[in-house]
2 protein chains.
Amino acid sequence: MNGIGMLGLDEMAVVFEQSICFRGLKPQARHAMAAKAISIPFAKGDTIFHANDPQRHFYLVAKGLVRVSICSLEGHRLTYLLAVAGEPLNLVSTFSKKPRMIEARAMRDSMVVLLKQTDFIAFAFQHPSVISAIITVLGNAVDSANSRILDMVGKNVDQRMRRILHALYLKFGPTLRFTSIEIAEMIGTTVESSLRALSKLRKKGLITTQRSRIDILKPEAFADSDSGMLWL
Amino acid sequence: MNGIGMLGLDEMAVVFEQSICFRGLKPQARHAMAAKAISIPFAKGDTIFHANDPQRHFYLVAKGLVRVSICSLEGHRLTYLLAVAGEPLNLVSTFSKKPRMIEARAMRDSMVVLLKQTDFIAFAFQHPSVISAIITVLGNAVDSANSRILDMVGKNVDQRMRRILHALYLKFGPTLRFTSIEIAEMIGTTVESSLRALSKLRKKGLITTQRSRIDILKPEAFADSDSGMLWL
DNA sequence: CGGAGAATTGATCACAATCAATCGAGGTGG
DNA sequence: CCACCTCGATTGATTGTGATCAATTCTCCG
């Protein structure tokens, strides 16, 4: 059960402890769930699941960073979630059977914990706090998505860039290790446009950029009194 | 308890019976909930709740049509849900305390049923099928919102118009009683642009238009093999 | 080194927002 | 009953933003 690159029971317990979905549960309940979980390591760049894969498991990030994105038939990709340790990858598809156009990919070497769908659902219904957490996460997803739609309508690329950088700053701190392509897929624009936006910010002295890296120099300048918080 | 324009217990029972959230429950459970509910009539044009109102109730449409929309500080409004009998108005804010920028307005004379937040939450946790329904509704909302974001990125106004009309056709049938302003707020564009799009469809013979009314002549022409279903 | 992927900047073009003006329909009050 | 007023519909003209195409440089890594 404890093969190479897998998590020991203790490490697994820590993952569940820090997870949005399971925190606040009694230790023995968490352990019961941890005992049924399996952990799988993914190297940077690996695909964890593909678009339209039928989902039989509930995925939880234990370590690393996983990008969850949706893809249109035209080939546009939109990054929807950057999941760090404790965050679930596929809450929605865990509960409704129908497949979704979502895809998960490890952006760094990562460890992912899998629970059988049936186990997780049964567990959730026995623990109201898990249900609460699920509804909260889904609620945030709805809010965030609607907020992004409003952004697409009312804000230009520059403004959306500021908002995304601010959100990333809050989640990851001042040093952001993302490529312009990745940033563009979060904003919903092209690489060129996002580079032009970054270029303006650089000239204003608000950021510095290197290959695959953006440093926020003046976080204050990105705080928007504006509309709802952006989640990633 | 049964003032003018209010619902009798029997009518109330019917509402709960046809509601996405409560269907499938035992009659006595539904009646217990119906007994705690109050019903309020709203005239066409009335506001049911405003943006940033603190939400203390769970709202369910009993009769009529209610538009739920979010509004940005710049004044852009995006219609998010057209709720008919049985549909909830504020699932998300019922479960998370923080206020949202959503607003509900009666588009026709409507009857709305209110449940105290605490009553509804307690009830939901006693009935797994209600929880399932809630998660399904939220899941659809997430899917739909993400699908709309992809539309904003990859589709032009004409294509988005086709998609919205198709979604409206599925929900309301071939005769759509909406103004161009309302349609524009669903698509996320301006009145003028939506009128131009409608004009093209009219010239193609796919629709006819009158004041505050659109008739779909060839529904087949709107079916998109494309991306995920749009919910309204 | 050499190659692949990332960054950068320029030039062009199309779509849709904006501004503007007119028309039409329905509702209200004198 | 007619005059009027408001809101919706419609079309034209103009403009700006961002997508697209293209070319070059840079950087990391094998």
Side-chain angles (χ1 to χ4, degrees), chain A residues 43-45 67 72 74-79 105 107-109 148-165 176-204 207-215, chain B residues 43-45 67 72 74-79 105 107 148-165 176-204 207-215:
Chain A
K44 176 176 177 171
R67 179 192 71 188
S72 71
E74 300 103 330
H76 286 102
R77 157 170 280 113
L78 188 84
T79 295
R105 190 162 165 273
M107 302 195 70
R108 307 193 204 139
D109 292 345
R148 289 175 82 164
I149 298 177
L150 279 181
D151 278 6
M152 298 296 301
V153 178
K155 295 211 181 7
N156 61 23
V157 171
D158 290 349
Q159 295 169 306
R160 304 208 303 272
M161 175 65 78
R162 291 177 102 94
R163 243 159 94 70
I164 285 284
L165 290 183
L176 307 173
R177 308 195 157 275
F178 300 101
T179 67
S180 303
I181 300 175
E182 288 160 354
I183 297 280
E185 286 172 351
M186 299 180 209
I187 299 182
T189 184
T190 58
V191 198
E192 295 93 330
S193 294
S194 69
L195 275 162
R196 285 182 229 273
L198 285 174
S199 177
K200 288 183 198 169
L201 293 175
R202 208 183 321 120
K203 281 171 191 149
K204 284 185 186 163
I207 60 169
T208 57
T209 60
Q210 299 168 42
R211 184 191 178 86
S212 301
R213 174 172 173 170
I214 299 169
D215 285 86
Chain B
K44 176 175 178 173
R67 179 192 71 187
S72 71
E74 299 103 331
H76 286 100
R77 157 170 282 115
L78 189 82
T79 296
R105 191 162 165 273
M107 301 194 70
R148 289 176 82 166
I149 298 177
L150 279 181
D151 278 6
M152 298 296 302
V153 178
K155 295 213 186 351
N156 61 24
V157 171
D158 290 351
Q159 294 169 308
R160 303 210 301 272
M161 175 65 78
R162 291 177 102 94
R163 244 160 92 72
I164 284 285
L165 290 181
L176 306 174
R177 307 195 157 274
F178 300 101
T179 68
S180 303
I181 300 174
E182 289 159 354
I183 298 278
E185 286 172 350
M186 299 181 208
I187 298 182
T189 184
T190 58
V191 198
E192 294 93 329
S193 293
S194 71
L195 275 162
R196 285 182 230 274
L198 285 174
S199 177
K200 287 184 198 167
L201 293 173
R202 208 182 321 122
K203 279 171 190 146
K204 283 184 186 162
I207 61 170
T208 58
T209 59
Q210 299 168 42
R211 185 189 178 86
S212 303
R213 176 172 170 168
I214 299 168
D215 286 87

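Naming convention: chains lettered A, B, ... in sequence-line order (proteins, then strands); numbering from 1 in each chain. Worth saying up front: this structure is predicted, and the values here are computed from it rather than measured.
Between B/T179 and B/V153, the residue anchored closer to the 5' end of DNA chain D is B/T179, taking for each the nucleotide with the nearest heavy atom. Of the two residues near DNA chain D, A/H76 and B/F178, the one whose nearest nucleotide lies more 5' is B/F178.
Contact annotation: B/R196 does not reach the phosphate of C/dC15 (side-chain N/O to OP1 or OP2, under 4.0 Å). Between A/T190 and D/dA19, a side-chain N or O to OP1/OP2 separation shorter than 4.0 Å is present. Side-chain nitrogen and oxygen atoms of A/T209 include at least one within less than 4.0 Å of the OP1 or OP2 phosphate oxygen of C/dT8. The shortest distance between the side-chain N/O atoms of A/S199 and the OP1/OP2 oxygens of C/dT9 is below 4.0 Å. At least one side-chain nitrogen or oxygen of B/T189 sits closer than 4.0 Å to the OP1 or OP2 atom of C/dA17. Within the structure, a side-chain polar atom (N or O) of B/S180 is placed less than 4.0 Å from OP1 or OP2 of D/dA9. The side chain of A/S193 places an N or O atom within less than 4.0 Å of a non-bridging phosphate oxygen (OP1 or OP2) of D/dA19.
Taking atom CG on A/L201 and atom P on C/dA7, their separation rounds to 15 Å, with Å as the unit. As a whole-Å value, the separation of A/I207 CD1 from C/dA7 P is 12 Å. Atom P of nucleotide C/dT8 and atom CD1 of A/I183 are separated by 12 Å, given to the nearest angstrom. Put simply, CZ on A/R213 is 13 Å from P on C/dA7, counting in whole angstrom units. Atom CG of B/L198 and atom C1' of C/dA16 are 15 Å apart (whole Å). Here D/dG18 presents its P atom at 9 Å from CD of A/Q159, a figure rounded to the nearest Å. Whole-Å rounding puts the B/E185 CD to D/dG8 P distance at 10 Å. Taking atom NZ of B/K44 as the reference point, atom C1' of C/dG27 lies 13 Å away to the nearest angstrom.
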Discussion item. Would B/R148 and A/M152 count as a side chain to side chain contact (heavy atoms under 4.5 Å, CB included) here? Give the steps.
Written reply: CA-CA 10 Å; B/R148 289 176 82 166; A/M152 298 296 301; over 6 Å; no
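At least one side-chain heavy atom of B/M161 sits under 4.5 Å from a side-chain heavy atom of B/I183. Two residues are said to be in side-chain contact when any heavy atoms from C-beta on lie closer than 4.5 Å; B/V153 and A/E74 fail this criterion. Two residues are said to be in side-chain contact when any heavy atoms from C-beta on lie closer than 4.5 Å; B/R163 and B/I187 fail this criterion.
Looking at heavy-atom distances under 4.0 Å, A/R202 makes contact with sugar-phosphate atoms alone, never a base.
Distance CZ/A/R211 to CZ/A/R177: 13.0 Å, rounded to 0.5 Å.
In the set C/dT18, C/dT9, D/dA9, D/dA9 carries the atom at the smallest distance from any side-chain atom of B/L195. Between D/dG18, C/dA7, C/dA20, one nucleotide has an atom nearer to the side chain of A/N156 than all others, and that is D/dG18.
Classification of B/E185 and B/R67 as a salt-bridged pair holds, one side-chain N sitting under 4.0 Å from a carboxylate O.
Below the 3.5 angstrom threshold, one finds no donor paired with an acceptor across the side chain of B/R211 and the base of D/dT10.
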